[in-house]
Amino acid sequence: MLEKYDFQAIETKWQAKWEADSRFRTPDDFEKEKYYLLEMFPYPSGKLHMGHVRNYSIGDVLDRFLKMQGFNVLHPMGWDAFGLPAENAAIKNAIRPDVWTRQNIKEMRSQLQRLGFTYDWDREVATCHPEYYKWMQWIFIQFHKKGLAYKKKNPVNWCPDCETVLANEQVVDGCCERCGTQVGKRDLEQWYLKITDYADRLLENLDKLDGWPQKVRTMQKNWIGKSTGAEADFAVENFDKVLRIFTTRPDTLYGVTYMVLAPEHPYVSELVQGTEYEKPVNEFLEKLQYLSDIDRNATTLEKEGLFIGRYCINPLNEKKVPIYIANYVLMDYGTGAIMAVPAHDTRDFEFARKYGLEVIPVVDPHNPDIDLYDLKEAFVAEGTMIHSGEFNGLNNTEAMVKITEHLEREKIGVRSVNFRLRDWLISRQRYWGAPIPMIHCEEHGWVPEKEENLPVRLPEDVAFTGTGASPLAENEAFVNTTCPICGKPAKREVDTMDTFLDSSWYFLRYCDPRNQNRVFDKEKADYWMAVDQYIGGVEHAILHLLYARFFTMVLHDIGLVSTEEPFSNLLTQGMVLKDGKKMSKSLGNVVSPEEIISKFGADTARLFILFASPPEKELEWSEKGVEGSFRFLNRVWRLVAEMFPVIQGAADSYDAVSDADKNLSYILNSTIKKVHSDVREKFNFNTAISSIMELVNALYKYKDGQENLNVGLLKHAMNSLVLVLSPFTPHICEELWEGLGHTETLYGAPWPAVNDASLVQESIEIVVQINGKVREKLIVDTDLTEAALTEVAMADQKIQKIIAEKEIVKIIAVPNKLVNIVVKG
RNA sequence: GCGGGCGUGGCGGAAUUGGCAGACGCGCUGGAUUUAGGAUCCAGUGGGCAACCCCCGUGAAGGUUCAAGUCCUUUCGUCCGCACCA
């Protein structure tokens with residue numbers, strides 16, 4: 001064994017050995033109990049950052065730990081390799097995106113290996129690889145067959161900087177999620193996936209995902225945004241069409257005092273044509289066009305509207321109400337038209353106030369503090385129906401049902417459900433993505449490429465000018481093809497897929513990554529799926545996780561896999577901060593993993609990251625903290641090295657003779673137990689590590705404080721220490737394990753057994769309180785009864801002194817914990 | 001505005017779920033050893049007090065309880081998500 005803790009030599013040695021022995025390959029052993037452990041795969045941007053190191057260190061501890069528990073663990077890694085940065089690099093540095101990406105993958109793969117992670121590299125996938133995107137295209141065609149992929153012309157979010165469209169989900173505060181540029185609108189014909197068909201299931205299943213953080217479930221729930229209500233038809237005076245509105249409050253129909261259309265509503269121009277209102281309406285529309293989405297959607301935006309000179313008739317009470325257009329009504333939700341009930345809707349109330357519109361209360365709160373006829377704000381809570389004809393006196397929630405039924409009976413409305421979730425726009429006007437495998441034929445329209453012709457390969461000779469349109473459109477050899485149906489000349493789709501499609505099923509491909517004939521084998525997928533533990537950043541709470549759920553459901557429905565939900569348990573790890581801020585180049589506070597590894601080693605880097613904070617919390621990077629972790633590993637190293645000659649040849653078994661033996665044995669066994677439960681049940685790696693530190697402290701104390709060392713106990717303690725520490729810092733532990741005389745590698749060695757007998761203590765310290773304040777601590781026999789405990793406590797001199805002259809009101813005794821004496825006077 | 005989380009020493013963070021607040025680590029103070037040390041070891045380290053076996057202390061205020069960091073009510077601060085979704 002080496003004299004000094006030479007982490008560099010040790011880490012290189014064991015990484016090479018693991019690799020040479022193929023230690024991390026996972027067989028499809030259907031007989032064994034499986035555990036599918038997955039961390040979100042990275043985009044190969046060039047180098048790993050600390051967030052990656054944290055994410056993958058968490059996963060690696062679990063892998064190593066679970067292997068020790070005997071599970072067949074699938075722990076794969078791959079690359080989310082399509083995407084814009086590669087293309088930008090192509091434009092900027094005149095390097096091909098595939099070359100750039102491959103270089104980055106190579107670099108990052110070697111960084112991952114330098115951290116000692118247990119990935120099964122035989123299962124590596126890269127989404128930009130034709131073997132992968134072939135099946136991506138195949139899946140797209142299956143979606144198309146099921147009617148879940150369609151093309152539609154629509155105003156779409158357009159990022160002028162990235163020069164591509166964005167899904168609604170990729171627009172953050174009206175800006176491009178990636179580059180922050182303000183997003184505009186463009187009318188384009190684009191491919192969509194019908195995720196809205198699955199809205200209800202995506203929502204309902206959330207309740208079953210109890211292994212997910214509540215926060216993520218809530219975010220998805222809000223994103224899907226289901227609201228139940230009714231649609232109702234309002235006739236328009238002197239107009240042949242009816243206006244259909246959507247409301248979640250059909251109970252307030254009698255309180256309607258005006259109507260509001262989205263300015264883009266298709267009826268608006270007809271309604272004002274040739275009237276004095278035409279001009280102001282057009283001006284209003286024009287003004288609105290100049291408003292970006294960001295302003296248009298802000299709640300702070302002053303509500304503005306315009307009467308358009310027309311009236312419509314409330315179908316329930318025949319009341320004639322004016323029609324407005326206003327900036328707060330959106331065309332792309334509901335029907336683009338609302339009935340306004342200012343008494344019971346805050347937005348309508350605000351608008352009515354501004355334009356002096358009538359307010360009619362129809363729900364009575366029975367609250368003396370609220371003057372229904374001089375409302376200060378809209379009343380939106382429950383109450384009793386008033387001014388509502390035959391519905392008067394009902395509770396308003398009952399009235400909702402009754403009025404909806406009435407609408408349906410009279411054929412003037414229907415029960416209706418609306419979702420905020422929109423269909424997923426997946427076309428991207430970019431090069432570096434999977435080509436959408438569709439062909440346009442003059443005669444047959446859009447036709448999928450024949451499956452036997454997949455993949456539709458990305459051509460390599462493409463010019464990147466950086467100007468708007470899809471680069472593939474310039475490549476005639478790519479564009480010109482023949483119709484799969486009639487064989488006549490036809491043109492390929494030149495847009496590529498949103499990269500979120502690639503990452504929506506990669507976890508399924510890992511189950512059978514080299515399959516040439518099928519997307520994946522069902523038996524293998526059924527064995528491995530669902531992912532037992534998924535780990536990644538919370539920034540993917542909505543997009544990626546929702547899309548992946550959607551894909552898995554569709555693939556389930558097609559019969560490709562039995563699982564409907566892909567991820568049973570989800571852990572969202574916190575960010576890595578420096579000086580309280582997110583590490584970023586612009587702030588200049590980035591700590592590079594490489595630097596830490598070369599200075600302290602991978603084990604220290606992993607240990608610090610796991611020790612400094614629980615995984616789901618933010619982690620504050622601390623150079624001093626890293627040094628502390630390094631110090632601890634050195635302390636372990638010296639301890640084992642010093643004990644090695646002492647315990648050499650001893651058996652790994654012992655009788656605890658002295659009190660010190662018993663004490664050490666107790667600490668040892670409770671540490672093994674605690675590390676197990678901290679890791680397995682709670683992912684509390686920080687407390688697991690701190691208890692190992694306590695064990696090391698106890699071992700130092702034991703060895704320095706004893707005349708007669710119990711060598712069997714020490715041998716067992718050293719072996720156990722190395723075992724329980726190994727998931728966190730595998731390299732040093734392998735080296736120590738070897739030094740302790742083991743010939744098999746530590747990876748996959750069984751977890752040490754807990755000796756329950758050692759955990760039973762003869763005596764225990766209890767606390768004696770007077771009126772809830774600790775006054776004395778006593779060592780007593782374990783498991784004393786309440787009566788016996790009380791007796792011991794009362795007999796104590798100090799306690800006697802304090803309670804003398806006082807009246808004892810009550811005594812509470814909790815075995816093995818405390819006695820509380822309540823006194824008066 | 002709505003929804004969710006979080007407030008504990010100088011710092012990162014513990015506390016078997018109502019039972020000794022501050023584990024473990026960082027930092028700091030003193031000492032030992034060393035030619036030297038940013039190495040190692042020992043002791044101390046929430047505040048107050050000359051001192052204690054005393055008093056105070058988990059953002060603030062109130063409550064429940066023999067007992068509250070933990071439960072309830074109110075409130076302040078902070079972070080995150082959604083944000084005119086009818």
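Here is how names work: the chains are called A, B, and so on, in the same order as the sequence lines, proteins then strands, and each is numbered from 1.
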N/O (side chain, A:Ser622) to phosphate O (OP1/OP2, B:C11) under 4.0 Å: no

Spacing of the P atoms in B:G46 and B:C11 (rounded, Å): 13 Å

Report the residue (A:Asp332 or A:Val822) whose heavy-atom-nearest nucleotide on RNA chain B is the more 5′ of the two. A:Val822

Any base atoms under 4.0 Å from A:Gln769, or only sugar-phosphate, or nothing? Heavy atoms, all strands. base

Whole-Å P distance, B:G19 and B:C52: 29 Å

Examine B:A23: is either OP1 or OP2 under 4.0 Å from a nitrogen or oxygen in the side chain of A:Ser690? Give yes or no. no

From B:C84, B:G25, B:A83, nucleotide with atom closest to A:Trp223 side chain: B:A83

Between B:C26 atom P and A:Phe632 atom CZ, what is the distance in whole Å? 11 Å

Say you pick atom C1' in B:U75 and the same atom in B:G7; how far apart are they, in whole Å? 14 Å

May I ask which nucleotide in the shown strands pairs with B:C49, Watson-Crick or G-U wobble, both distances under 3.5 Å? none

Using the P atom in both, what is the distance from B:C71 to B:C79, to the nearest Å? 24 Å

Is A:Asn686 close enough to B:C24 that one of its side-chain N or O atoms is under 4.0 Å from OP1 or OP2 there? no

For B:A67, give the paired nucleotide (Watson-Crick: N1-N3 plus N6-O4 or O6-N4; G-U: N1-O2 and O6-N3; both under 3.5 Å), or none. none

What does A:Asn820 touch in the nucleic acid at a heavy-atom separation under 4.0 angstrom: a base, only the sugar-phosphate, or nothing? base

For a quick check of understanding: with a heavy-atom distance under 4.0 Å over all strands, which category does A:Thr248 fall into, base, sugar-phosphate or nothing? sugar-phosphate

For B:G44, give its Watson-Crick or G-U wobble partner with both distances under 3.5 Å, or none. B:C28

Between A:Lys674 and A:Glu694 (salt bridge meaning N to carboxylate O under 4.0 Å), is one present in this structure? no

Any side-chain donor-acceptor pair under 3.5 Å between A:Asn418 and A:Ser227? no

Check this one for me: any side-chain N or O of A:Lys810 less than 4.0 Å away from OP1 or OP2 of B:C66? yes

Taking the same atom, P, in B:G1 and in B:G18, what whole-Å distance lies between them? 34 Å

Among the nucleotides B:A23, B:G19, B:C84, whichever has the atom closest to the side chain of A:Val814 is B:G19

Which part of the nucleic acid, if any, lies within reach of A:Glu618 when heavy atoms closer than 4.0 Å are counted: base, sugar-phosphate only, or nothing? sugar-phosphate

Would you say the side-chain atoms of A:Glu231 pair up with the backbone N or O of A:Thr247, donor to acceptor, closer than 3.5 Å? no

What's A:Asp348 touching, base or sugar-phosphate or nothing? Going by heavy atoms closer than 4.0 Å. nothing

Is A:Arg631 near enough to B:A39 that one of its side-chain N or O atoms lies under 4.0 angstrom from OP1 or OP2? yes

Euclidean distance for P, B:A68 against B:G63 (whole angstrom): 12 Å

A:Leu778 CG to B:C20 C1': how many Å, rounded? 12 Å

Remember a base hit wins even if backbone is also touched, and classify A:Gly628 as base, sugar-phosphate or nothing at under 4.0 Å, heavy atoms. sugar-phosphate

Between B:C54 and A:Arg775, is there an OP1 or OP2 to side-chain N/O distance shorter than 4.0 Å? yes

Looking at B:A86, I'd like to know if its phosphate oxygens (OP1 or OP2) sit under 4.0 Å from a side-chain N or O belonging to A:Arg420. no

Given atom CD of A:Gln214 and atom P of B:C6, what is their separation to the nearest angstrom? 12 Å

Does OP1 or OP2 of B:C56 have a side-chain N or O of A:Lys773 closer than 4.0 Å? yes

note: A:Leu607, atom CG; B:C26, atom P; distance rounded to Å ~ 11 Å

For A:Asn222 and A:Arg420, does a side-chain donor sit closer than 3.5 Å to a side-chain acceptor? no

Measuring only the P atom in each nucleotide, how far is B:U70 from B:C20? A whole number of Å is fine. 13 Å

Nucleotide forming a Watson-Crick or wobble pair with B:G3, both distances under 3.5 Å: B:C80

If anything within 90° of 0 is syn and all else is anti, what is B:G31? anti

B:U33 -> Watson-Crick or G-U wobble partner, both distances under 3.5 Å, gives none

Expressed as a whole number of angstroms, how long is the span from A:Met219:CE to B:A83:P? 10 Å

Under 4.0 Å, counting only non-hydrogen atoms across every strand here, what does A:Arg217 touch: a base, just sugar-phosphate, or nothing? nothing

Determine whether a donor-acceptor pair (N or O, by modelled atom type, separation under 3.5 Å) exists between the side chain of A:Ser613 and the backbone of A:Glu618. yes

Hey, is B:U45 sitting syn or anti, using the within-90° cutoff around 0? anti

Would you name the heavy atoms of A:Ile412 and A:Pro315 that are closest together and state the gap between them? CD1-CB, 3.8 Å

Just checking A:Tyr258 against A:Phe351, ring centres under 6.0 Å apart? yes

Between CE of A:Met693 and P of B:A14 the distance, given in whole Å, is 14 Å

Between B:C66 atom C1' and A:Lys817 atom NZ, what is the distance in whole Å? 16 Å

Please determine, for B:U16, whether a Watson-Crick or G-U wobble partner exists with both distances under 3.5 Å, and give it or none. none

Quick one: are A:Met583 and A:Met50 in side-chain contact, heavy atoms under 4.5 Å? yes

Could you say whether A:Pro614 or A:Asp345 is positioned toward the 5' end of RNA chain B, judged by the nucleotide with the nearest heavy atom to each? A:Pro614

For B:U58, give its Watson-Crick or G-U wobble partner with both distances under 3.5 Å, or none. none

Determine the Euclidean distance between corresponding C1' atoms of B:C2 and B:U65; express it in Å to zero decimal places. 35 Å

Rounded to the nearest angstrom, tell me the gap between atom NZ in A:Lys624 and atom P in B:A39. 8 Å

Between B:G25, B:C41, B:A86, which nucleotide gets closest to the side-chain atoms of A:Arg635? B:C41

Of B:C20, B:A86, B:A23, the nucleotide closest to the side chain of A:Val774 is B:C20

To check you understand the geometry: which heavy-atom pair defines the closest contact between A:Ile360 and A:Ala343, and what is its length? O-CB, 3.4 Å

Dump the intermediate steps for salt bridge (Lys or Arg N to Asp or Glu O under 4.0 Å) on A:Asp332 and A:Arg422, then the final yes or no. CA-CA 9 Å; A:Asp332 63 355; A:Arg422 299 298 136 79; 3.4 Å; yes

Minimum-distance nucleotide (side-chain atoms of A:Ser227 versus B:A86, B:G25, B:C84): B:A86

